[in-house]
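Remarks on the structure that follows.
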Amino acid sequence: AYCPACGQETALALPTAGVFLREAAGRYVALDGRFARTLFHLLFRPGKHLYRFLLHERDADSSSASEERAKEMRQQAAMRTWVVEVLPNWSAVCDTPKVRALWRKGIPPRVRGRVWVLAVGNALRITPEMWSIFRKRAKQMAAERQQRSAAAAATAAATTAAAIAAAAATAASPSRPAALRRADRQHRPPREDALESIDKDLPRTFPALRFFSKDGPFYAQLREVLEAYACYRPDLGYVQGMSYLAAMFCMHVPSAYSAFQCMANMLVKHHLFDFYRMNSQRVAAYFRLFDSLLEERAKPLHARLSSLG
């Protein structure tokens, strides 16, 4: 029976096993079916599907290889531009649009150190002789500090009994030893404090890279640069965070002297020196300038940050 409106059957019945097998055989064993075509190739052309698979893989590999070759050729072209056109004529082309575009694309690693040294400049006229003088001074201070530490340890070991007696005598005034320790810290030479801070900060500089740990390849060089700078600018000494700036130079510029030269010149440029000197008035002026520029250029972001406090 069929519906007079749509023509569909009004009484549906489950197909018998014979009907089901006949329809399945017609679908999967038909000569123009996918199963039959695949079975034919597997029996009579066993390498066709393998060839197509390998061809697809080879095309993918060749595409990836061509992209790598194109990238390598671009890097080589940029390298030639830096070496042949930019570096020999740095003072004439450093501010041109072409060089700025090259900066934005990234400096090739092979010339990055040379470019950084030229870009930072040497307005302070740091010489290798100055670097040698401050490096020797830092080593001398480190040796004197070690001698004082050894002498203090020997004295403490020899006067243990006296220390115990003194501690018992001052038991009624527990705040005195802490006050003495604070006074000792306040009268310690600033550069010695700087050297102690360097010892603490070296392992904490880019810890994931492990370049500046005790057994790292740049540990000695970074320590040397920071200690020499602390002696070069005793009014500033070492401030926490300088190690990251010096570490970047140590990883890229050719030598420790170049890293010291770049760091000394970089810190007197722009706003870095005021931040490291903790000059609150000038830092506040920079923050006000940044806040006004942010409000002018990115009002939604400024509003969001202001709402967060």
Side-chain angles (χ1 to χ4, degrees), residues 116 120 124 126 130-156 177-253 255-284 286-287:
W116 281 13
V120 174
L124 298 178
I126 303 294
M130 293 174 61
W131 157 249
S132 179
I133 290 172
F134 291 116
R135 183 178 59 177
K136 291 179 180 177
R137 191 173 299 175
K139 290 182 178 179
Q140 181 180 359
M141 290 184 60
E144 292 175 355
R145 186 182 57 171
Q146 290 180 355
Q147 291 178 359
R148 287 194 297 269
S149 298
T155 303
L180 290 175
R181 287 194 298 271
R182 286 195 299 271
D184 180 64
R185 286 197 300 269
Q186 291 172 358
H187 289 86
R188 188 176 299 167
R191 287 183 298 184
E192 186 175 349
D193 282 342
L195 297 183
E196 291 180 0
S197 300
I198 291 172
D199 290 338
K200 296 177 182 178
D201 275 1
L202 280 176
R204 297 184 290 192
T205 304
F206 297 118
L209 298 179
R210 300 188 63 84
F211 285 166
F212 307 101
S213 57
K214 284 276 187 180
D215 55 347
F218 293 105
Y219 175 83
Q221 181 175 341
L222 178 60
R223 182 192 185 100
E224 202 172 40
V225 170
L226 293 175
E227 290 179 349
Y229 184 81
C231 293
Y232 170 67
R233 292 301 302 260
D235 57 328
L236 182 62
Y238 173 79
V239 180
Q240 191 173 18
M242 285 184 179
S243 60
Y244 286 91
L245 179 62
M248 293 297 296
F249 288 124
C250 288
M251 287 190 291
H252 292 285
V253 300
S255 63
Y257 159 68
S258 299
F260 173 75
Q261 172 190 315
C262 289
M263 180 177 177
N265 284 276
M266 178 67 79
L267 285 177
V268 298
K269 286 187 176 182
H270 307 296
H271 57 273
L272 290 177
F273 195 73
D274 290 326
F275 278 94
Y276 281 118
R277 288 189 66 182
M278 307 299 180
N279 189 327
S280 59
Q281 294 181 354
R282 294 185 64 87
V283 170
Y286 282 118
F287 279 127

Self-check item: Pairwise side-chain contact, L209 with M251, heavy-atom cut-off 4.5 Å (strictly under)
Solution: yes
Exercise. Any chance you could lay out the side-chain contact (heavy atoms from CB on, under 4.5 Å) test for I126 and Y257, step after step, and finish with the verdict?
Key: CA-CA 9 Å; I126 303 294; Y257 159 68; 4.1 Å; yes
Quiz item: Roughly how far apart are M263 CE and F249 CZ, rounded to 0.5 Å?
Solution: 8.5 Å
Quiz item: Can you name the nearest heavy-atom pair linking Y238 to S197, along with the distance?
Solution: CD2-CB, 3.7 Å
Self-check item: Spacing of I198 atom CD1 and E196 atom CD [to the nearest 0.5 Å]
Solution: 10.5 Å
Quiz item: So how far is it from Q261 CD to W131 CH2, rounded to the nearest 0.5 Å?
Solution: 11.5 Å
Self-check item: Pair M130-F260, side-chain contact (heavy atoms from CB on, under 4.5 Å): steps then yes or no
Solution: CA-CA 10 Å; M130 293 174 61; F260 173 75; 5.5 Å; no
Exercise. Compare every heavy atom of V225 with every heavy atom of C250, then report the nearest pair and how far apart it is.
Key: SG-CG2, 4.1 Å
Quiz item: With a 4.5 Å heavy-atom cut-off, do L124 and Y232 have their side chains touching?
Solution: yes
Quiz item: What is the minimum heavy-atom distance between A246 and L222, and which atoms define it?
Solution: CB-CD1, 3.5 Å
Quiz item: How would you list, by chain and number, every residue that makes a side chain to side chain contact (heavy atoms under 4.5 Å, CB included) with Q240, sequence neighbours excluded?
Solution: D201, R204
Practice problem: List the atom of D274, the atom of R282, and the distance in Å for their closest heavy-atom pair. | Solution: OD2-NE, 2.6 Å
Practice problem: Would you mind reporting whether M141 and E227 have side-chain heavy atoms less than 4.5 Å apart? | Solution: no
Practice problem: Answer whether the closest heavy-atom distance between the side chains of L236 and F273 falls below 4.5 Å. | Solution: yes
Exercise. With the side chain counted from C-beta on, respond yes when W116 and M248 share a heavy-atom pair under 4.5 Å apart, and no when they do not.
Key: yes
Quiz item: Between atom CG of L267 and atom CE of M242, what is the distance when rounded to the nearest 0.5 Å?
Solution: 5.5 Å
Quiz item: How many angstroms lie between atom CD of Q140 and atom SG of C231, to the nearest 0.5 angstrom?
Solution: 9.5 Å
Quiz item: Taking all atoms of both residues into account, what is the closest heavy-atom pair of P207 and P203, and its distance?
Solution: CB-O, 4.0 Å
Self-check item: Parallel, tilted or perpendicular: rings of F212 and F218 (30°, 60°)
Solution: tilted
Quiz item: Where do A256 and E224 come nearest, in terms of heavy atoms and distance?
Solution: CB-OE1, 4.1 Å
